[in-house]
Amino acid sequence: MKKKRIGIFGGTFNPPHNGHVSAAKCFKEQMQLDILMIVPSFIPPHKEYSSTVTCSERLEMCKIAFSDIDSVVVSDMEILRGGTSYTYLTLEDLYNDSVELFFLCGTDMILSMDHWRCPEKIFKLANICYIRRESDEDKTTLIAKKCREYREKYGANVLPIDAEVIEISSSEIRNDFGIASKYLSPGVVEYITKAGLYK
């Protein structure tokens, strides 16, 4: 029986911007995913998170932002689980013999994944896909070296996703909401405005 190809794209998505959406579309297309899961984290383990924006608001923004992608599922599994949102736990929850998992991450994540909680489980349970978040050529050699290490140490399957780099971060948008219309979908901008977020 052919295994169902499931992609997992996690993050705080505070807010979800056009860079996220572009990455998701390229991920789904290039990995030929049957289902793409967008998984907002509850408490991200790799960054400081302090925000007046609630989990339900981030979840709702994701539903709006990714709504034009076929077979996309915005999941509240990490929010419902609570605590620190460790990737290996999410992959364990999703894995079974009938699926093949693909996990998407950015440059900063691919360079540090061996320092995550239970990296051996992550590399065993999922194909790791990475997408460049910047156009810095100096990092190309670093990424190649890390990917080689992961393959040798963990038997990892690491795959690049080719996509146009959109150099924007959610924190930049939060700090200067004047640029929001350039980097967020109209529906997300409308939701943020009505909810009075990022003031």
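Note that the coordinates shown come from a computational prediction; the quantities given were computed from them, not determined experimentally. We count residues from 1, following the sequence as given.
Between the side chain of Glu152 and the backbone N or O of Glu149 there is no donor-acceptor pair closer than 3.5 Å. Thr84 contributes no side-chain N or O that, together with a main-chain N or O of Tyr86, makes up a donor-acceptor pair within less than 3.5 Å. A donor-acceptor pair is defined here as one N or O able to donate and one able to accept, closer than 3.5 Å; such a pair exists between the side chain of Ser85 and the backbone of Phe42. At least one donor-acceptor pair closer than 3.5 Å links the side chain of Arg58 to the backbone N or O of Ser41. In this structure a side-chain-to-backbone donor-acceptor pair under 3.5 Å is missing from Ser112 to His115. In this structure, the side chain of Arg117 does not engage the main chain of Thr87 through any donor-acceptor pair within 3.5 Å.
By the neighbour-count criterion of 12 heavy atoms within 6.0 Å, atom CD of Glu92 is densely surrounded, having more than that number from other residues, nucleotides or ligands.
Taking the six-membered ring for Trp and thresholds of 30 and 60 degrees, Phe123 and Tyr150 have ring planes inclined between 30 and 60 degrees apart.
Put simply, the side chain of Val99 does not reach to within 4.5 Å of the side chain of Lys3, judged on heavy atoms. Residues Leu101 and Arg5 form no side-chain contact, since every pair of their non-hydrogen atoms from C-beta on lies 4.5 Å or further apart. In this structure, the side chains of Phe102 and Ile128 stay at 4.5 Å or more apart for every pair of heavy atoms. When side chains are defined from C-beta on, Lys63 does not count as touching Ile38, because their heavy atoms never get closer than 4.5 Å. Looking at Lys199 and Phe177, their side chains never come closer than 4.5 Å, going by heavy atoms from C-beta outward. Put simply, the side chain of Lys4 does not reach to within 4.5 Å of the side chain of Ser98, judged on heavy atoms. Contact of the Cys105 side chain with the Phe103 side chain is registered, since non-hydrogen atoms from C-beta on lie closer than 4.5 Å. At a threshold of 4.5 Å between non-hydrogen side-chain atoms, the residues Lys121 and Leu91 do not count as touching.
In this structure, Leu184 CG and Ile64 CD1 are separated by 11.0 Å, a value rounded to the nearest 0.5 Å. Atom CE of Met109 and atom OH of Tyr130 lie 15.5 Å apart (nearest 0.5 Å). For the atom pair OG1 of Thr12 and NE2 of His20, the computed distance is 6.5 Å after rounding to the nearest 0.5 Å. Taking CG of Asn127 as the reference point, atom CD1 of Ile6 lies at 12.0 Å (rounded to 0.5 Å). The distance from the CG atom of Asp34 to the OG atom of Ser71 is 7.5 Å, given to the nearest 0.5 Å. Rounding to the nearest 0.5 Å gives a distance of 10.0 Å between NZ of Lys2 and CD of Glu100.
Taking all atoms of both residues into account, the shortest heavy-atom contact from Lys139 to Arg132 is CB-NH2, 3.8 Å. Between Lys182 and Asn18, the shortest heavy-atom contact is O-ND2, 3.5 Å. The nearest pair of heavy atoms linking Ile79 to Pro40 is CG1-O, 3.9 Å. The two residues Arg151 and Ala156 come nearest to each other via the heavy atoms CG-O, 3.3 Å. Closest heavy-atom contact between Val188 and Pro16: CG1-O, 4.3 Å. Closest of all the heavy-atom pairs between Met31 and Leu159 is SD-CD1, 3.7 Å.
Taking the six-membered ring for Trp, Tyr88 and Tyr95 have ring centres at least 6.0 Å apart.
Legend: residues meeting salt bridge (Lys or Arg N to Asp or Glu O under 4.0 Å) with Asp76, ordered by chain and number and at least two apart, are absent. Residues forming a salt bridge (Lys or Arg N to Asp or Glu O under 4.0 Å) with Lys25 (at least two apart in sequence, or on another chain): Asp68.
For the 3.5 Å distance criterion, the side chains of Arg174 and Tyr198 fail to qualify, holding no donor opposite an acceptor. Side chains of Thr90 and Arg81: a donor on one and an acceptor on the other come within 3.5 Å.
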Discussion item. Does Ser169 form a side-chain hydrogen bond (donor to acceptor under 3.5 Å, both in side chains) with Glu172? I'd like the steps, not just the answer.
Written reply: CA-CA 5 Å; Ser169 68; Glu172 288 176 270; 3.1 Å; yes
Item to complete: Would you sort out whether Val73 and Ile35 count as a side-chain contact (heavy atoms from CB on, under 4.5 Å), showing the intermediate values?
Response: CA-CA 7 Å; Val73 174; Ile35 297 172; 4.0 Å; yes
Item to complete: Please test Leu125 against Leu94 for side-chain contact (heavy atoms from CB on, under 4.5 Å), starting from the C-alpha separation and ending with a verdict.
Response: CA-CA 9 Å; Leu125 292 169; Leu94 292 171; over 6 Å; no
Discussion item. Apply side-chain contact (heavy atoms from CB on, under 4.5 Å) to residues Cys129 and Phe27 and explain how you reach the verdict.
Written reply: CA-CA 8 Å; Cys129 305; Phe27 179 39; 3.7 Å; yes
Worksheet entry | Full working for side-chain hydrogen bond (donor to acceptor under 3.5 Å, both in side chains) between Ser22 and Glu164 | CA-CA 8 Å; Ser22 173; Glu164 178 187 358; 5.8 Å; no
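Salt bridge status for Asp114 with Lys146: present, with a side-chain N to carboxylate O gap under 4.0 Å. The pair Lys124-Glu120 does not meet the salt-bridge criterion, since no charged nitrogen lies less than 4.0 angstrom from a carboxylate oxygen.
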